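Values in this document were obtained by computation on a predicted structure and should not be read as measured data. Reminder, nothing fancy here: chain letters follow the sequence lines and each chain counts from 1.
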Amino acid sequence: MRNRIVMLVDLDYFFAQAEETRNHSIRDKPVVVCVYSGRSENSGAVSTANYVARKLGVKSGMPIALAKRKLQNVDAIFLPVDEAFYEGISSRIMSILRDYSDRFEQVGIDEAYLDVSQRTNGSYEEAAGLARRIKDEIVKQHGLTCSVGIGPNKPIAKIAADIKKPDGLTVVRPEQTVEFLSPLPVERLIGVGVKTAEKMRALGVATIGNLAKRDVQGLIDVFGKKLGLYFHNASNGIDEEPVQEREEAESISRISTLKENTRDLSLILEKTNQQCEEIQADLENSGLNFKTVTVIAVMEDLSIRSRSRSLEKNTNRTEVLKGTVNGLFGKFLEEFNLEVRRVGVKVSGLAKDEKSQKQLTSFIKQG
DNA sequence: GTATGCTTTCGGC
DNA sequence: TTACGGCCGAAAGCATAC
């Protein structure tokens, strides 16, 4: 088979840029999009900031009060997140991207992989041209810039897109993959987290190039067959994971901040019951049921704890969800002595209602 | 022994 | 000087199954 060409399109500082498109007058100012928790005026965190704000030290996840401090002497714009607005822009851009691809895979609200092997006849030259047309069209239609990475597979396309931001376009041809990957730290590889990176560092492996030189068997001995093989291949620029539409979400969750820190179970359940009902509505809309229930608590010291329970079989019953959450949180409070700041509920092990019905029916018939 | 699944934590955006 | 979201999938680490 000829060259596979994968493109990763990443919308730049998406929420803040979306805000810029509906109010051009803020473009040259620091723009900070925030999640306000409602506790006090500035309680909450920064979701995204534009590059003007980033240059002044504002980062995603930072407390709003700290961002304000960093921007106290400048004319900065602080805005609350407007997810419905961003979702609308995202879905229109995603359908543009889908039209430009042979195969398409959206990742999150602002990123997508495009397999463009066929329509470019395996030509990186053509792929780069296609990327420019895509960038032009997104600017024309929606006034947004994006950063694009092009490579022979998903990991390389993703890493390439990170090389130049914002408004970047980075092409890594198959014959360049080794020199491209070699100097990069292992953490850039998808699947290498802090712990794995530490393990690798202990083996004297700091860069992807170091990793590529290790023998496969040694990696398999340390990381197991699956991961060992993956590290060996990916570090050598090889990855066969196809670009394909994602299935249904794997989990649905809600988390929110309490008015005050508490250890009062009934106050907690008041909040989690609301969350259960919202999750229930989502489940009904998508015809899904769940296997596992998780409760999440962010303590007063901001440490995060969770407890989960898998049910014997999938269900979509609200009473089961609320009851399980109740039980988990009751036990949880016995285990920890800190006050709780934020609470959340998550369901996972999702399955289609109809499908499980059919399976159940045929199982009963067989029996 | 490896694969798989479950629970908990981590980290990106 | 402190300050602190919401949601997701990935990773880690262990238990159990095969």
Backbone of A/D82 reached by a side-chain donor or acceptor of A/Y86 within 3.5 Å: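 Confirmed, A/Y86 side chain pairs with A/D82 backbone.
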Looking at A/N153 and A/G237, would you say the former's side chain and the latter's main chain have a donor-acceptor pair under 3.5 Å?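 Between the backbone of A/G237 and the side chain of A/N153 there is a qualifying donor-acceptor contact (under 3.5 Å).
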Closest approach to the side chain of A/S47, judged atom by atom: which nucleotide of C/dG5, C/dC8, C/dA3 is it?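 Side chain of A/S47 sits closest to C/dG5.
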Given [N], is OP1 or OP2 found less than 4.0 Å from the side-chain N or O atoms of [X]?
{"X": "A/R341", "N": "C/dG5", "value": "yes"}
{"X": "A/R254", "N": "C/dG6", "value": "no"}
{"X": "A/S253", "N": "C/dG6", "value": "no"}
{"X": "A/K158", "N": "B/dC13", "value": "yes"}
{"X": "A/S43", "N": "C/dG5", "value": "yes"}
{"X": "A/S37", "N": "C/dC4", "value": "no"}

Assess whether a salt bridge exists between [X] and [Y], defined as any Lys/Arg side-chain N lying under 4.0 Å from an Asp/Glu carboxylate O.
{"X": "A/K322", "Y": "A/E319", "answer": "no"}
{"X": "A/R4", "Y": "A/E240", "answer": "no"}
{"X": "A/E250", "Y": "A/K346", "answer": "no"}

Hey, does [X] reach any base, or is it just sugar-phosphate, or nothing, if we go heavy atoms under 4.0 Å?
{"X": "A/R69", "answer": "base"}
{"X": "A/G344", "answer": "nothing"}
{"X": "A/I64", "answer": "nothing"}
{"X": "A/T48", "answer": "nothing"}
{"X": "A/G108", "answer": "nothing"}
{"X": "A/D110", "answer": "sugar-phosphate"}

Measure the distance from [atom1] on [X] to [atom2] on [N] and round it to the nearest whole Å.
{"X": "A/I255", "N": "B/dC13", "atom1": "CD1", "atom2": "P", "answer": "19 Å"}
{"X": "A/I252", "N": "C/dG9", "atom1": "CD1", "atom2": "C1'", "answer": "14 Å"}
{"X": "A/R54", "N": "B/dG12", "atom1": "CZ", "atom2": "C1'", "answer": "12 Å"}
{"X": "A/E105", "N": "C/dC8", "atom1": "CD", "atom2": "C1'", "answer": "15 Å"}
{"X": "A/E300", "N": "C/dA3", "atom1": "CD", "atom2": "P", "answer": "12 Å"}
{"X": "A/Q17", "N": "B/dC13", "atom1": "CD", "atom2": "C1'", "answer": "15 Å"}
{"X": "A/K70", "N": "C/dA3", "atom1": "NZ", "atom2": "P", "answer": "14 Å"}
{"X": "A/Q274", "N": "C/dG6", "atom1": "CD", "atom2": "C1'", "answer": "16 Å"}

Nearest-nucleotide wise, let me know which of A/L302 and A/A249 is further upstream toward the 5' end of DNA chain C.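 It is A/L302 whose nearest nucleotide is closer to the 5' end.
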Set out, line by line, the N/O atom pairs under 3.5 Å between protein and nucleotides 14-18 of chain C.
none

Minimal non-hydrogen separation, A/G151 against A/I156, with atom names: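 Looking at all heavy atoms of both residues, the closest pair is CA-CG2, 4.1 Å.
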Determine, step by step, whether A/K154 and A/E105 satisfy the salt bridge (Lys or Arg N to Asp or Glu O under 4.0 Å) criterion, reporting the C-alpha distance in whole Å, the side-chain angles of both residues, the deciding distance to 0.1 Å, and the verdict. CA-CA 10 Å; A/K154 293 205 283 187; A/E105 178 177 345; 2.8 Å; yes
Mind grabbing the angle between the end helix axes of the helix from B/dG1-C/dC18 to B/dC13-C/dG6? Five pairs an end, 10° rounding.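 Taking five pairs per end, the axes differ by 20°.
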Under 3.5 Å, which donor-acceptor pairs link side chains of residues 254-263 of chain A to any protein atom two or more places apart or in another chain?
from   : atom 1 : to     : atom 2 : distance (Å)
A/R254 : NE     : A/E278 : OE1    : 2.8
A/R254 : NH1    : A/D282 : OD2    : 3.4
A/R254 : NH2    : A/D282 : OD2    : 2.8
A/S256 : OG     : A/Q275 : NE2    : 2.9
A/K259 : NZ     : A/G38  : O      : 3.3
A/N261 : OD1    : A/R39  : NH1    : 3.1
A/N261 : OD1    : A/R39  : NH2    : 2.6
A/T262 : OG1    : A/D264 : N      : 2.9
A/R263 : NH1    : A/F336 : O      : 2.7
A/R263 : NH1    : A/L338 : O      : 3.0
A/R263 : NH2    : A/L333 : O      : 2.8
A/R263 : NH2    : A/F336 : O      : 3.1

Partners passing side-chain contact (heavy atoms from CB on, under 4.5 Å) against A/L311 (at least two apart in sequence or in another chain):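 Testing A/L311 for side-chain contact (heavy atoms from CB on, under 4.5 Å), a comparison that skips the adjacent residues, returns A/F290, A/T315, A/V320, A/T324.
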Those residues that, when tested against A/A53, pass side-chain contact (heavy atoms from CB on, under 4.5 Å) (two or more places apart):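 Result, side-chain contact (heavy atoms from CB on, under 4.5 Å) vs A/A53: A/P30, A/V32, A/A49, A/N50, A/V58.
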Would you indicate whether A/E41, at its atom CD, is surrounded by more than 12 heavy atoms from other residues, nucleotides or ligands within a distance under 6.0 Å?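 Check fails, neighbour count at 12 or below.
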Tell me if the CZ atom of A/R173 is crowded by more than 12 foreign heavy atoms within 6.0 Å.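 Check passes, neighbour count above 12.
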Between the protein and nucleotides 7-9 of chain B, list every N/O to N/O distance that falls short of 3.5 Å.
from  : atom 1 : to     : atom 2 : distance (Å)
B/dT7 : OP2    : A/S310 : OG     : 2.5
B/dT8 : OP2    : A/S308 : N      : 2.7
B/dT8 : OP2    : A/S308 : OG     : 3.4
B/dT9 : OP2    : A/S306 : N      : 3.2

Axial cation check for A/F85 ring with A/R22, 6.0 Å and 45° limits: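 Yes - A/R22 lies over the ring of A/F85, closer than 6.0 Å to its centre and within 45° of its axis.
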If the P atom of C/dC4 is compared with that of B/dC13, how far apart are they to the nearest Å?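 Per the computed distance, 24 Å lies between those P atoms.
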